[in-house]
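Each chain gets a letter, A, B and so on, in the order its sequence line appears, and its residues count up from 1. The figures that follow rest on heavy atoms only: side chains count, while hydrogens, waters and symmetry mates do not.
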Number of protein chains: 4
Amino acid sequence: MSSQKSTAAADAAPDGAGRAPKRARGRQRVAALLDAATLVFAEKGYDAATMTEIAARSSTAIGSLYRFFPSKEALAEGVLRRYGERAGAGLDAIAARAPDLTAGDLVDALLDLMMALKSERTALKVLMDARVDCDNRRQYLRGVVQGRIAGVLSAYAPALPADRVAVVSVMLLHLMKAVPELAEEGAAAALIAEMRLVLRAYLTAAVADG
Amino acid sequence: MSSQKSTAAADAAPDGAGRAPKRARGRQRVAALLDAATLVFAEKGYDAATMTEIAARSSTAIGSLYRFFPSKEALAEGVLRRYGERAGAGLDAIAARAPDLTAGDLVDALLDLMMALKSERTALKVLMDARVDCDNRRQYLRGVVQGRIAGVLSAYAPALPADRVAVVSVMLLHLMKAVPELAEEGAAAALIAEMRLVLRAYLTAAVADG
Amino acid sequence: MSSQKSTAAADAAPDGAGRAPKRARGRQRVAALLDAATLVFAEKGYDAATMTEIAARSSTAIGSLYRFFPSKEALAEGVLRRYGERAGAGLDAIAARAPDLTAGDLVDALLDLMMALKSERTALKVLMDARVDCDNRRQYLRGVVQGRIAGVLSAYAPALPADRVAVVSVMLLHLMKAVPELAEEGAAAALIAEMRLVLRAYLTAAVADG
Amino acid sequence: MSSQKSTAAADAAPDGAGRAPKRARGRQRVAALLDAATLVFAEKGYDAATMTEIAARSSTAIGSLYRFFPSKEALAEGVLRRYGERAGAGLDAIAARAPDLTAGDLVDALLDLMMALKSERTALKVLMDARVDCDNRRQYLRGVVQGRIAGVLSAYAPALPADRVAVVSVMLLHLMKAVPELAEEGAAAALIAEMRLVLRAYLTAAVADG
DNA sequence: TATGAATGAGACTTCATTCAT
DNA sequence: CATGAATGAAGTCTCATTCAT
């Protein structure tokens with residue numbers, strides 16, 4: 001609103017309202033870059049994906065891509081981080097409702113979340129498999145998501161002892177990882193339904209035993 | 001009886017006894033190459049793995065690697081094929097014993113096989129995800145292993161209707177895929193035990209329902 | 001008038017005058033690459049010529065060479081194409097003057113053109129012999145040059161029947177091909193003079209007979 | 001005739017008659033190798049021709065090829081040398097008959113020889129263009145053939161002064177070089193006939209002038 | 001002596017990253 | 001700050017040549 005003077009004479013108003021649009025534009029750009037990166041990583045794999053294609057897919061100059069993400073690894077990290085945020089938010093939302101859910105509803109909620117993040121999951125798998133930022137990022141993400149699932153589980157079954165929560169939540173995460181792949185098999189619907197049974201049976205048994 | 005060939009692929013000399021050593025050395029070399037390739041693919045991923053490193057790890061000149069596997073893709077196919085053979089053989093052996101096994105024993109047998117193939121499984125995952133020989137080999141392997149699992153299931157529960165066998169065996173495969181990853185987590189032993197529970201519960205329920 | 005661009009391809013900036021320098025530099029770079037390629041192909045032959053040397057000779061990074069010519073074959077095609085353009089232009093110019101020339105003058109003009117293109121001719125020979133882009137480019141070039149010579153001949157001797165034009169122009173082309181090689185022999189001057197005699201005699205006889 | 005004992009017990013009679021068959025076999029082998037080499041060089045060009053293919057085409061083990069020709073360059077030199085011998089012999093034969101021939105007959109004889117050596121000429125061209133054994137062999141061959149043509153010319157026209165013989169024979173060689181290429185054009189027959197005219201006209205004029 | 005598996009230098013090509021404009 | 005041409009390290013693959021059998 002306040003300025004289209006994108007090229008010259010833009011160095012007034014150092015902070016307050018002047019740079020807001022700039023920052024907003026930056027955010028949009030970052031989002032577009034992450035979208036494109038997620039897409040291309042998922043399609044081609046980490047190594048085969050090229051920075052040039054990612055830039056092109058988001059209509060960004062390659063130089064600008066490097067301004068926001070100073071390396072391919074940083075870009076991958078960005079994709080991973082955003083996934084972590086989204087998955088975390090989804091899991092937190094489920095955790096909030098967990099106390100009032102039946103086992104079946106809880107499983108449905110988790111499966112729905114998984115399906116919603118399906119495209120990002122593919123990119124995620126590729127990036128985790130690529131030996132990129134192996135230890136730092138991987139640990140982090142694992143921790144974030146794992147911890148959130150533990151949170152959901154605790155909220156759902158407050159009586160479950162901590163050691164069981166740890167084991168069961170890891171198992172739940174691993175079981176849910178299979179969902180996006182099942183969704184690509186021939187009989188996707190039947191398999192997802194079957195997975196719902198598996199999860200519900202496991203969850204019920206785990207909570208009862210605990 | 002007369003040989004010390006310790007490595008693998010040990011169907012001994014059915015040839016004219018003339019230049020057995022030559023062929024034997026070739027087989028050893030191929031096995032060493034596949035071992036190294038499996039290792040490096042698992043460590044680095046398909047693209048990041050370099051033919052040079054695979055050659056070096058098996059103490060082979062790069063030219064010799066290319067004599068046996070004329071391209072990186074062919075090498076990946078070799079790794080996949082060998083995995084298919086080993087997994088197939090293991091599953092067939094289990095299928096033979098299946099009629100006499102309890103659910104718990106069957107699950108144990110499957111888990112043991114999975115653990116035995118653990119290192120190869122990691123390479124397998126990477127190679128299946130890589131956009132290599134996508135359709136031909138992937139379909140084939142999937143078919144071979146999937147079919148073998150269906151065979152095991154049929155042998156174990158002959159009364160299970162065909163459509164259930166199909167769905168349940170796909171689900172079993174996907175569940176077992178998680179095993180190698182679980183084995184790399186912190187509390188590996190507890191997680192494997194937990195997976196045993198999951199599988200036994202699912203298998204029992206599936207057979208009872210069917 | 002305002003420019004020092006000494007190299008070639010000097011059809012000056014018909015663009016929007018905005019980023020002329022960028023395009024001009026590209027043109028210069030392409031010209032330098034083609035010059036170096038022509039030289040190296042001529043010296044070493046197609047296969048023995050290395051992209052690395054061609055890049056080095058034109059003070060270009062290997063990556064830049066590949067930006068302009070995405071493969072060795074494309075580079076060879078570029079060399080061929082430029083030769084075709086230059087030879088075509090030269091022959092067209094001769095055709096325009098042909099009606100007013102004596103046989104001797106016409107032969108001189110053709111020989112002069114041949115000598116002017118001498119260095120490119122050597123590269124051309126090598127590239128035509130190489131089993132590269134065999135059919136497409138080869139046919140094309142042959143057609144362009146052959147057709148232009150036929151044009152010169154028709155302009156010079158309009159009464160010559162079409163079938164004779166075809167045969168005679170092919171023969172002229174083949175005779176002229178020997179010129180660059182003669183120029184590298186010991187007694188170059190004498191041989192060129194001799195070739196002038198051969199051509200004049202043949203041309204005169206052919207036109208008279210026809 | 002004297003022995004079929006090709007495998008064993010052939011090490012008696014160290015020199016005289018015993019090793020004759022061995023030597024004969026060697027000669028055959030060399031001839032087969034040169035034939036294959038000529039063929040493959042002509043087909044693929046010097047660089048693209050592989051020692052392995054040349055060995056295979058002559059049913060020779062690669063190691064044996066290297067026993068007779070210790071390098072690819074040596075093999076090329078062998079091909080060139082044999083061509084020189086054959087062309088030299090042919091030209092000598094023509095020289096012997098030259099005094100009794102008309103210009104037309106002489107040209108016919110030369111063209112016939114050229115056509116007879118056509119396949120070898122192709123290999124020759126490829127090898128001369130490849131910058132192999134550039135100076136030594138090339139000079140040699142050029143000298144041998146050039147000298148022989150000069151011999152033919154002197155025999156045909158004893159009155160021609162030496163300096164003219166030199167120039168005319170070089171020109172004749174260069175004109176004849178075009179023959180194999182003309183033979184591959186569309187209207188081969190017409191072009192060969194045309195070339196006969198060119199050569200006869202040039203030869204007649206040169207002898208008359210001289 | 002014949003054989004052909006083994007060797008490794010070096011070619012073509014790609015692409016992450018930089019920096020002049 | 002944006003742009004995208006330029007850079008060069010590194011990867012896959014070939015093939016002349018050697019040498020153990």
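Picking from E:dT3, E:dG8, F:dT7 the nucleotide with the shortest atom distance to the side chain of B:A61 gives E:dG8.
Atom CZ of D:F68 and atom P of E:dT1 are 10 Å apart (whole Å). Between the C1' atom of E:dT14 and the CZ atom of C:F69 lies a distance of 18 Å, rounded to the nearest Å. Put simply, CG on C:L65 is 11 Å from P on E:dT14, counting in whole angstrom units. Between the CG atom of C:L33 and the C1' atom of F:dT7 there is a distance of 14 Å, rounded to whole Å.
The side-chain contact (heavy atoms from CB on, under 4.5 Å) test applied to A:R67 returns no partner, not counting sequence neighbours.
Separation of atoms CZ (B:F41) and CD1 (B:I54) is listed at 4.0 Å; rounding is to 0.5 Å.
Looking only at side-chain heavy atoms (C-beta outward), A:D35 and A:R82 come within less than 4.5 Å of each other. Side-chain contact check for D:F69 versus D:V30: some heavy-atom pair is nearer than 4.5 Å. Annotation: side chain of B:E53 is in contact with side chain of B:R57 (closest heavy-atom distance under 4.5 Å). Residues D:Y46 and C:D47 fail the side-chain proximity criterion, which asks for heavy atoms closer than 4.5 Å. You'll find the side chain of B:V79 stays beyond 4.5 Å of the side chain of B:Y83, heavy atoms only.
For the residue pair C:A32 and C:S58, the shortest heavy atom distance occurs at O-CB, 3.7 Å.
Taking only side-chain nitrogens and oxygens, B:S64 never comes nearer than 4.0 Å to OP1 or OP2 of E:dA5.
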Give me the distances for all protein-to-nucleotides 16-20 of chain E N/O pairs that come in under 3.5 Å?
unit_1, atom_1, unit_2, atom_2, d
E:dA16, OP1, A:A49, O, 3.2
E:dA16, OP1, A:K72, NZ, 3.0
E:dA16, OP2, A:M51, N, 2.7
E:dT17, OP2, A:Y66, OH, 3.0
E:dT17, OP2, A:K72, N, 2.8

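In DNA chain E, the stems built from three or more successive Watson-Crick or G-U pairs (distances below 3.5 Å) are E:2-21 with F:2-21.
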